Protein chains: 2
Amino acid sequence: MTAPLHEAHPAGPGRALPNTQQGMRRRNLARVMHTVSAEGPLSRAAVASHIGLTRAAVSTLVDELIRSGLLEELGPERPGRVGRPGSALAVSGHGPAGIGAEVGVDHLAVCAVDLRGEVRSRAVRHGANRGRAPEPVIEELIELLRRVLAEAEREGLWPAGLAVAVPGLVARDARTVVRAPNLDWRDTDLGPLLPVDFPLTVGNEANFGALAELWLGEGTPRDFLHVSAEIGIGAAVVVDGGLLHGTRGFAGELGHVPVQPDGPECPCGGRGCLEQYAGEEAVLRAAGLESDEDRVGLLAGRAAEGDEDVRRALRDAGTALGVALTGAVNLLDPESVVLGGALAGLAPWLLPSLEAELDRRTAGPACPVSVSRLGPEGPLLGAAHSVVRAVLDDPVAVAERA
Amino acid sequence: MTAPLHEAHPAGPGRALPNTQQGMRRRNLARVMHTVSAEGPLSRAAVASHIGLTRAAVSTLVDELIRSGLLEELGPERPGRVGRPGSALAVSGHGPAGIGAEVGVDHLAVCAVDLRGEVRSRAVRHGANRGRAPEPVIEELIELLRRVLAEAEREGLWPAGLAVAVPGLVARDARTVVRAPNLDWRDTDLGPLLPVDFPLTVGNEANFGALAELWLGEGTPRDFLHVSAEIGIGAAVVVDGGLLHGTRGFAGELGHVPVQPDGPECPCGGRGCLEQYAGEEAVLRAAGLESDEDRVGLLAGRAAEGDEDVRRALRDAGTALGVALTGAVNLLDPESVVLGGALAGLAPWLLPSLEAELDRRTAGPACPVSVSRLGPEGPLLGAAHSVVRAVLDDPVAVAERA
DNA sequence: ACTATTTCGTCATGGCGGTTTACAAATTAG
DNA sequence: CTAATTTGTAAACCGCCATGACGAAATAGT
């Protein structure tokens, strides 16, 4: 029963809808949902002027959305302006919810987000998953999922879809994990393991983090490069408000960009890949540390304490990141680079050398580098919100399933 | 009078059209044009089944396109199939034409392409333009343009737009050349210099070359990386059948991707940029040659003769290209890499080391590298065809101008 | 307090676009 | 020569949005 959510989450409302009158209607319904969702409570008239339709047309659209339970009438607004006050519309806090899940190296998490974007339920379970087989891990995830779904149902929500963030490469079918080095999973189709009766999507953790940044970050542009790191270093390329997936779904493998063509060998077969300089393992080694749990926290702690070895290791990692990012920036000309995931916590010590390297190597104004506010929350929120966006992108599709 | 052609040539038909009934109509007109253009002569019924409309609907669409002179009725087709034969429709060979122009380092060229994709007129003028001011060069280009337009008019064609390919960075407004090192142009707006009474677009030569590959190449995928080189090394990133422009329009600057972080200094401010290893100047120097004209031809000639110095220089350049492309391929996961422009002619000596490097550094199946058939013709054809595509993408817009 | 003005939401009407249904025309199969 | 099949078109219909008019509900002015 696991139908794919529309793959490669389209940027705008309803990209794939047919070019017929019904398709037009569905696109307009989506535009209403997006407008109300983005611009807060709005009257029908305000929505109409936002999207360029007449009040009459918006009325019929809103009626349909209210009947479907996707919009709610909040009642008359009381503005100081002249004229009859409008009736405020808001996205419904009941009805469909986006379920996000995350399989991390040392934790599992599930959450439910309503159409308003609020997290209404969540469950987390800590514990190292490194090297565990997929089945028991997913078994535990399902337990969390059950709890979240139960609580969501008590709040009047029903699941519109499930998106799972995984620390590894995911095939374009958005179902099978091709390679997850931290977990030691290879070519495992999560579809059969997660028998849910709503659409399932599996995606790369870094990609979901980037989407969270795009949708939840403040002032985030529509074209940027989102860099995050767990063990591998993943980048997500966001172009015109949409993710760049690549042919096989493997785009964004920043970790294996050559930084020093005759540097140390890398398991990927190359030499001097970024991961050999800025990967978690490499940085720990350079700092003279060893640990099996919360390695990022360890690094951040030592660096904050003033440990010169750790700081040097992070400086060098920043320089290597700067070299790799110079290539990426030259190739993509993004509006900015955002450091997310584990890198966000280490930013204070990475940024100076990273920016110095990037500035030095770029002619003209350098590409600004910023740090994500979301940090480690990004992937989970991005996953849940991807489902919410899918609902906003095609409201009738979910209304039919209600 | 120079209105911008729709910027950032959209992939599909009429992306920017409003979501109204007229917009729907225009999109369907575009779909008919695209189908007839791509699938050769087709009956109304065949078009209908291709795009999923009814025969009746297609009939009215075709009527309108024929009245506008964009489609032609070729007469009844004689198939061996049962049933009444359809009336073959073809894109008109008269009416609107796309005008392409190219400002090269040592030549100027202009051509006119009809909606069928045939080159109906062309004019070329050889002569070094290096270091000449924009005004006299454009003056000469206008002379060629006048000749091409005159011949096109004799053939019953009228210009639907002009696209100019320039060897340099072009701003997002598609009018001003920000930097063209070979010509020594900086921040020159070609709009005032080219006062034509139809839409004008200025674009990067490498980008137009990539578009030519996309539209004219056989078996070219919708996601690929097109690498070309004149003096600088430009790459064009094609994603889902559309060019990736970047925020400022500077995407694809492969020449300044770091290949050896502490290599020789580069005018861009960096060190060890690809251009320092695989740029024209660098290769000539490594080969111990010097020349002011047709430097690529010189290299190819010597390499073909068996000159070991030249071959070694090209091998090394290929290796450097391989390193830079490894980074790009990891980041973008394209379906293939295409070598175009000057690189196409040098491919026999570049490819082996390039592919070896790329294979070695990539885990799993390597990204296939191919060579463009179009070679130096690419940019000019791509420019002209970009105008033709714009007409196919929104037929009514040009019909109104007829 | 009362009227004029402004804005909101809705209804009836109409135009536009594609579908459905029906039919004549043109070909092949038997 | 008839039956079957396919094409192109015309007429009626339906869905969707625009237009214009109206009542409702607020403010502004006298």
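Quantities reported herein were computed from a predicted structural model and do not represent experimental measurements. Note on naming: letters A, B, ... go to the chains in the order of the sequence lines (proteins, then strands), and numbering restarts at 1 for each one.
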(request) Would you mind checking if B:R222 and B:E335 are paired as a salt bridge, meaning a charged N to carboxylate O distance below 4.0 Å? (result) no
Enumerate donor-acceptor pairs with a distance under 3.5 Å from any side-chain N or O in residues 152-159 of chain B to protein atoms, sequence neighbours excluded.
residue : atom : partner : partner atom : Å
B:E155  : OE1  : B:R120  : NE           : 3.0
B:E155  : OE1  : B:R120  : NH2          : 2.9

(message) Just by distance, no angles: are the side chains of A:R25 and A:N28 close enough, under 3.5 Å, to form a donor-acceptor pair?
(response) no
(request) Would you indicate which nucleotide in D:dT5, D:dT27, C:dG9 comes nearest to any side-chain atom of B:V82? (result) D:dT5
(request) Find the distance B:E73:CD to D:dT7:C1' and express it as a whole number of Å. (result) 12 Å
(request) Between protein and nucleotides 11-19 of chain C, map the contacts as a letter string: B base, S sugar-phosphate only, - none, heavy atoms under 4.0 Å, written 5' to 3'. (result) B---BBBSB
For nucleotides 24-26 of chain C, list the nitrogen or oxygen atoms of the protein found under 3.5 Å from its nitrogen or oxygen atoms, one pair per line.
residue : atom : partner : partner atom : Å
C:dA26  : N3   : B:R84   : N            : 3.3

(request) Would you mind reading off the distance between A:I66 atom CD1 and C:dG9 atom P, rounded to a whole angstrom? (result) 11 Å
(request) To the nearest Å, give me how far apart CZ (A:R78) and P (C:dC8) are. (result) 16 Å
(message) Going by side-chain contact (heavy atoms from CB on, under 4.5 Å), name the residues that satisfy it together with B:A236, two or more places apart in sequence or in a different chain.
(response) B:N207, B:A210, B:H226, B:L243
(request) Kindly say if B:S59 contacts the phosphate of D:dT9, meaning a side-chain N or O under 4.0 Å from OP1 or OP2. (result) yes
(request) Return the value, rounded to whole Å, for the distance between atom CD of A:E77 and atom P of D:dA25. (result) 15 Å
(message) Just to verify, what does B:P18 make a side-chain contact (heavy atoms from CB on, under 4.5 Å) with, not counting sequence neighbours?
(response) B:T20
Going by atom type alone, with no hydrogens or angles, which donor-acceptor pairs under 3.5 Å involve a side-chain atom of residues 82-97 of chain A and a protein atom two or more places apart or on another chain?
residue : atom : partner : partner atom : Å
A:S87   : OG   : A:E73   : OE2          : 2.4
A:S92   : OG   : A:G69   : O            : 3.3
A:S92   : OG   : A:E72   : OE2          : 3.4
A:S92   : OG   : A:H94   : N            : 3.0
A:S92   : OG   : A:H94   : O            : 2.9

